[in-house]
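The block underneath contains the structure these notes are about, expressed in structure tokens.
FYI, the numbering just counts along the sequence from 1.
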Amino acid sequence: MAQTILLSNISVESKSELTLCNTEHYSELKRLRIEYYHSFDRPAANITFKNAIFALIFQSTPICPTIMVSKWQSELRKRSEPEKVKIFERFFKSGPGEYGEGDSFIGISVPDNRSISRHYSTLPYDQIATMIDHPIHEFRLAGFLALVQRYKSARRPDDQEAIARQYISTCHKANNWDLVDLSAPYIIGKELTRGRCIDDIRLLADSQNLWERRVAVVSTLTAIRSGDLDIALEMCDRSINMPHPLMRKAVGWVLRECGKKDRSRLEQFLNDHIATISSVTLSYAIEHFSTEERLTWRNKRKTAQQHTLK
């Protein structure tokens, strides 16, 4: 005789029929399964059926991967603000010939994205990768934010390294500055403070891919905050002559942060590169100098470059 299970007033005949693809009660089962999924770390007071039924349903029929990704995307879409789309398109340079050409937006703020995506950080990596591969900018950001949360939650070095490897393998898909800046310092940067991934960012620094090179530079911000300027200055040295504006700004930003920790090392770096440093990089690096000091450094750069041309 087939076993009958009452599930929120739904009668499901036999264990073999408890699947999301073959039940006429798809929506209700999906809702219950998602409720259960999000109740692991707190009392399951809102679930009315017994633990034995939990095991029967959830262990015998895993949640279809696309369901959780679709749920994630649905939550994000609910927070979208269409009036922001045009602003984002201009801000992230998605027009023809610009570095973000062709990117698509739906208008989600970073705080909203982060508050939603952190709850999906425990999904299998291939499901997070589905988000990272998505053509919508905010969905890609959601995937990277989930990886950041996954890394923060990891306690074992092996787990941290595995997440960092996953990030490195996909960081070329962080194809705008916000995707890099909101992820690299919190994964690769943390690895640097633990003495790991140094060789990896050296490889990234020599990449032909703009975004990988930005990861190599920006990830050192975390090391700077912990007092280690060596790897940051090395990455700046490797990238000082890159012509792309995003790299010039990134190098200048990192140099400025180095100066907050040790101004003498910043000034030494500037002196060593004064003949080749771009005006953008120099302006970012000396932003916190006095007006007179900034003028002095600009004049020094101008003189050095004129001397080089002779």
- prompt: So, the side chain of T220 versus the backbone of A223: is there a donor-acceptor pair under 3.5 Å, distance only?
  reply: no
query: When rounded to the nearest 0.5 angstrom, what is the spacing between CD1 in I136 and CD1 in I108?
result: 8.0 Å
- request: Decide side-chain contact (heavy atoms from CB on, under 4.5 Å) for Q73 and H134; before the verdict, give the C-alpha distance in whole Å, the side-chain angles of both, and the deciding distance to 0.1 Å.
  value: CA-CA 10 Å; Q73 294 176 355; H134 204 280; 3.6 Å; yes
Side chain to side chain contact (heavy atoms under 4.5 Å, CB included) partners for A142, two or more places apart: W72, L76, N113, S117, M131
query: Can you find a heavy atom in the side chain of L221 that is under 4.5 Å from one in the side chain of W253?
result: yes
message: If I take atom CZ from residue R165 and atom CD1 from residue I188, how far apart are they, to the nearest 0.5 angstrom?
response: 8.0 Å
- request: Give, for atom OG of S226 and atom NZ of K190, the distance between the pair rounded to the nearest 0.5 Å.
  value: 8.5 Å
query: Can you check whether G95's main-chain N or O pairs, donor with acceptor, with E98's side chain at less than 3.5 Å?
result: yes
query: Residues two or more places apart in sequence or in another chain: which of them pass side chain to side chain contact (heavy atoms under 4.5 Å, CB included) with S283?
result: R298
- prompt: Any side-chain heavy atom of Y125 sitting closer than 4.5 Å to one from L147?
  reply: yes
- prompt: Do V280 and L295 sit in the same hydrophobic cluster, where Ile, Leu, Val, Met, Phe, Trp and Tyr count as joined when their side-chain heavy atoms come under 4.5 Å apart?
  reply: no
field: Nearest atoms (heavy-atom pairs only) where S169 meets H172
entry: O-CE1, 3.2 Å
query: Has the side chain of N176 got a donor or acceptor atom that lies under 3.5 Å from a matching backbone atom of D178?
result: no
N/O donor-acceptor pair under 3.5 Å between S94 side chain and E89 backbone: yes
- prompt: Is it the case that Y167 and S183 place a side-chain donor and acceptor less than 3.5 Å from each other?
  reply: yes
field: Smallest separation among heavy atoms of L182 and L145, with atom names
entry: O-CD2, 4.1 Å
field: Counterpart residues, salt bridge (charged side-chain N to carboxylate O under 4.0 Å, His left out), relative to D159 (two or more places apart)
entry: R156
message: Going by side chain to side chain contact (heavy atoms under 4.5 Å, CB included), name the residues that satisfy it together with A174, two or more places apart in sequence or in a different chain.
response: F144, L179, V180
query: After noting the C-alpha distance and the side-chain angles of D230 and R265, does the key distance pass the side-chain contact (heavy atoms from CB on, under 4.5 Å) rule?
result: CA-CA 10 Å; D230 292 345; R265 291 196 68 181; 3.0 Å; yes
query: In terms of side-chain geometry, is the basic nitrogen of R140 or D133 positioned less than 4.0 Å from the acidic oxygen of its partner?
result: no
Please tabulate, for side-chain N and O atoms in residues 80-87, each donor-acceptor pair with protein atoms closer than 3.5 Å (sequence neighbours left out).
from	atom 1	to	atom 2	distance (Å)
S80	OG	R77	O	2.7
E81	OE2	K84	NZ	2.9

- request: Would you check, one step at a time, whether the test side-chain contact (heavy atoms from CB on, under 4.5 Å) holds for F289 with R263?
  value: CA-CA 10 Å; F289 287 21; R263 177 158 166 163; 3.8 Å; yes
message: I'd like to know if the side chain of R301 and the backbone of A275 have a donor-acceptor N/O pair within less than 3.5 Å.
response: no
Least distance between heavy atoms, E138 atom then G107 atom: OE2-N, 2.8 Å
message: Any salt bridge linking D228 with K261? Criterion: basic side-chain nitrogen under 4.0 Å from a carboxylate oxygen.
response: no
message: In terms of relative ring orientation, are F88 and F92 parallel, tilted or perpendicular, with 30° and 60° separating the classes?
response: perpendicular
- prompt: Which residues pass the side chain to side chain contact (heavy atoms under 4.5 Å, CB included) test with A216, sequence neighbours left out?
  reply: I201, L204, A205, M235
- request: May I ask you to check whether Y120 and E75 show a side-chain donor-acceptor distance below 3.5 Å?
  value: yes
message: Quick check: is L203 connected to I231 through a chain of hydrophobic side chains (ILVMFWY, heavy atoms under 4.5 Å apart)?
response: no
field: Q306 side chain vs T303 backbone, donor-acceptor pair below 3.5 Å
entry: no
field: Shortest non-hydrogen contact between R213 and M242, atoms and distance
entry: NE-SD, 3.1 Å
query: Would a 4.5 Å heavy-atom cut-off, applied to side chains only, mark V251 and I277 as touching?
result: no
message: Can you pull out every side-chain hydrogen bond (donor to acceptor under 3.5 Å, both in side chains) where at least one residue sits in residues 142-154? Sequence neighbours excluded, please.
response: Q149-S153, Y151-E191, Y151-R194
- prompt: Please walk me through it: do K260 and E257 pass salt bridge (charged side-chain N to carboxylate O under 4.0 Å, His left out)?
  reply: CA-CA 5 Å; K260 291 179 181 178; E257 295 305 307; 3.0 Å; yes
query: Can you list the residues that meet the salt bridge (charged side-chain N to carboxylate O under 4.0 Å, His left out) rule with R79, with sequence neighbours excluded?
result: D112
message: If only side-chain N and O atoms count, and only distance matters, is there a donor-acceptor pair under 3.5 Å linking E293 with S290?
response: yes
field: Derivation of the side-chain contact (heavy atoms from CB on, under 4.5 Å) call for F139 and I106
entry: CA-CA 9 Å; F139 287 0; I106 56 177; 3.7 Å; yes
- line: Sequence neighbours excluded, the answer for ring pair (Phe, Tyr, Trp, His ring centres under 6.0 Å) partners of Y284 is none
- request: State, without any angle test, whether D272 and Q268 hold a side-chain donor-acceptor pair at a distance under 3.5 Å.
  value: yes
- prompt: For D206, what residues pass the salt bridge (charged side-chain N to carboxylate O under 4.0 Å, His left out) criterion, not counting sequence neighbours?
  reply: R238
- prompt: Of all heavy-atom pairs between A184 and V215, which one has the smallest distance, and what is that distance?
  reply: CB-CG1, 4.0 Å
message: Please check if the number of heavy atoms outside K302 that lie under 6.0 Å from its NZ is greater than 12.
response: no
- prompt: How many angstroms lie between NZ in K249 and OG in S278, if you round to the nearest 0.5 Å?
  reply: 10.5 Å
- request: Please list, chain by chain and in numerical order, all residues satisfying salt bridge (charged side-chain N to carboxylate O under 4.0 Å, His left out) with E287, sequence neighbours excluded.
  value: R256
- request: Can you see which heavy atom on S121 is nearest to which on R118, and at what distance?
  value: OG-O, 3.1 Å
- request: Before giving the answer on side chain to side chain donor-acceptor pair (under 3.5 Å), spell out for H137 and D103 the whole-Å C-alpha distance, their side-chain angles and the decisive distance to 0.1 Å.
  value: CA-CA 6 Å; H137 183 102; D103 210 351; 2.7 Å; yes
message: With a 4.5 Å cut-off on side-chain heavy atoms, are P245 and R248 touching?
response: no
- prompt: With a 4.5 Å heavy-atom cut-off, do T193 and R225 have their side chains touching?
  reply: no
query: What residues form a side chain to side chain donor-acceptor pair (under 3.5 Å) with E212, not counting sequence neighbours?
result: S207
- prompt: Do you see a donor-acceptor pair shorter than 3.5 Å between the side chains of H273 and D237?
  reply: yes
message: Looking only at side-chain N and O atoms, does Q160 offer a donor or acceptor that is under 3.5 Å from a partner on R155?
response: no
query: Is the count of non-hydrogen atoms from other residues, nucleotides or ligands lying under 6.0 Å from K93 atom NZ greater than 12?
result: no
query: Donor-acceptor pair, T222 side chain versus P185 backbone, under 3.5 Å?
result: yes
